[in-house]
Each structure stands twice: as structure tokens, then as C-alpha cells.
Amino acid sequence: MKSVERIMLLTAFVLVSGLLIFAVPKSDEKSEIADTLEPENYFPTQANFANETTPLQIADVKERLDKELIVNINLHSSTILAIKRANRVFPVIEPILKKNGIPDDFKYLAVIESGLINVVSPVGARGVWQFMPETAKERGMEVNETVDERYDLVKSTEAACSYFLSAKAKFGTWTLAAASYNGGMGGVNKQMDIQQERNYYDLLLTEETSRYVFRILALKEIMKNPSKFGFDIKKEALYPLIPTRKVAVDSSITNLTAFAKEQGINYKILKIHNPWLRDRKLDNTLNKKYIIEIPLSGY
């Protein structure tokens, strides 16, 4: 019996060994992925955030940008969706940034915060710009059970601009202003004092904040030149910015379903285009003026 078992084990060993031998790729074969990830095919000769030069001559800086480029090149679904959504969202964000004197590169900060959709973080941050409730209120947004302006792209972008201007005034550079959006003004300032450094690229920060600006830089590179990175998306495949008409409301709406029907749409379409409406009604005892958008197509 033992002899039979030894023979069976020996046979199994030979079979497995043969499979492993044939599983080893030929040394002269290069995978398609390896070809596409050759540094000369994707890594930029220079980079900047808001016209502030990224010091790629510093070894760890170069490696950190390289990492984020490789990660986002290979996050195919999320990167493709970001490119598609940008066609709809950037036309809203860009003029608000310009009006407030904020560099255009900050639109890529919104990309890494939310993927350009109204998401909810595990800690309760919401919207494209990911504001926490108290921070949103401090920046002039209304947040309650029926209205949450963190979901209003125009108002939340205005609030984000307010933050960026305050951070730039405090730190002196747009790069540190962007980093502080993740690490907090207090957190970044504390590390600057401890480490006696005044440049983002010279600071040792938490892992998330250390990656933050590099993620922005990577998405900027990819989204400005998507075909260079293998994202060949036809114009007609991009998500369009749907035109709307604006309806001013200065009183309560007791039934948003009935209101939607009066406007020629349904409740679902009303909520898609006005996600800041958080209930089935709109309480407005103070007669505040709200602007409700009614789409002219796409339904």
C-alpha cells in the first residue's frame, strides 16, 4: 500500500512540475502591458501644478508621480468615466474658477475627490468637492434635512474657491493650498513648523496627503492627453452638458412630484438635475430664493 502511495505521489509531482515549466513565459517575449508602460511612452519631461514647477529632478518626487500615473493608467473604468464626466462638469467648474482667480488646474482636484459625481465619503463628506457639513456651512452653504447645497455644483464650487483663496493667502503657494484641502490647513501648517520646510515637495506628510498633489498631477496629464495613455474615447461617447431652464422659487413646495409634473418632467429627472433637493418637499419659511433647473432635453 505504501509503495502504491509513493508511486502516486511521484506521478503527481512530475505532472505538476511539467505544468510549472510550461507556465514560465519565454524570456524574449514582451507583454503588451509592459510595452505600454515604458517610461518614455508616458512619463512627462516636466510637470507643474498651477504653473508651480514640480521638481522631477528629486528622486522621490519623480517616483511618486510615476506611481500615480501607473495607477491611474491602469484604473481603466474610473479613469474612462472621469474623462466622460469631465465633458459635462468642467464647463460648469472652469468659469467659476476663472472668475475667482483660481488656476484652472484645480478642476483636477475635484476629479480625485469624487470622480466628478456626488459621492458620500465614510466620514460624511458629500458632493463633487467633498465638503463636511460644518465646513460647508462655514463657507456659506445651506445644509439641512431638505436642502444640501454641497450637492449643488455651482454653489459648492464657489465654496471651494473660497477655501483655495484662504489657503493660498496662508501658505503662499497653490500647491500647498491644494494639499491642505486634504490635510487641513492646521495639519499642513503644523508639519511645516516641525520640519522647517515651506515647500510641499520637501515635506513628509501623511500617506494620503503625500499622494494628493501627485494624484492631481497624474489625472491632469492623463485627461489633457487621453490618447497618449491609451484612452481613445470618441467625442460622441462623452457625457453631454444638458441645457436647462431656470425656475426661481421663493416659497415652500409641499410636493416635489406634483411640481415636477407641472414643469413637464418627472420626480426622477427633477432630482437628477437638482440633487441638492434632499426630500420630497422644499421647506422655505424664510422665503429664500432658490433656483431649480429644468432640463430642456435628455428625458
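Computed from a predicted model, the values in this text were never measured in an experiment.
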Quick check: does any side chain N or O of N274 sit under 3.5 Å from a backbone N or O of E293, one acting as donor and the other as acceptor?
-> yes
Taking atom CG of D232 as the centre, report whether more than 12 heavy atoms of other residues, nucleotides or ligands fall under 6.0 Å from it.
-> yes
Neighbour count >12 (heavy atoms, 6.0 Å) for atom CD, Q57 | yes
Close side-chain approach of D148 and R126, heavy atoms under 4.5 Å | yes
So do the side chains of P44 and L69 get within less than 4.5 Å of each other, counting heavy atoms only?
-> yes
Does atom CZ of R280 have more than 12 heavy-atom neighbours from other groups under 6.0 Å away?
-> no
How far apart are the C-alpha atoms of D66 and Y42, what are their side-chain angles, what is the distance that settles it, and do they pass the side chain to side chain donor-acceptor pair (under 3.5 Å) test?
-> CA-CA 9 Å; D66 188 48; Y42 71 87; 2.3 Å; yes
Is E68 close to L217 at the side-chain level, that is, under 4.5 Å between some pair of heavy atoms?
-> no
Given S156 and Y151, is the side chain to side chain donor-acceptor pair (under 3.5 Å) satisfied, shown in steps?
-> CA-CA 7 Å; S156 62; Y151 290 96; over 6 Å; no
Determine whether the side chains of W129 and T157 contain a donor N or O and an acceptor N or O closer than 3.5 Å.
-> yes
Apply side chain to side chain contact (heavy atoms under 4.5 Å, CB included) to the pair Y239 and N87, showing each step before the final yes or no.
-> CA-CA 6 Å; Y239 298 153; N87 191 63; 5.6 Å; no
Ignoring hydrogens and angles, state whether a donor on the side chain of Q263 or R245 is under 3.5 Å from an acceptor on the partner side chain.
-> yes
Checking side-chain hydrogen bond (donor to acceptor under 3.5 Å, both in side chains) against E142, which of K288, K155, K137 comes through?
-> K288
Side chains of S162 and R139: do they bring a donor and an acceptor to under 3.5 Å?
-> yes
So, E52 and T175: side-chain donor and acceptor under 3.5 Å apart, yes or no?
-> yes
Does the side chain of D283 pick up a donor-acceptor pair with the side chain of T285 at under 3.5 Å?
-> no
Quiz item: cation-pi between K220 and Y108, 6.0 Å / 45° = no
Do I194 and Q191 have side chains that get closer than 4.5 Å, going by heavy atoms?
-> yes
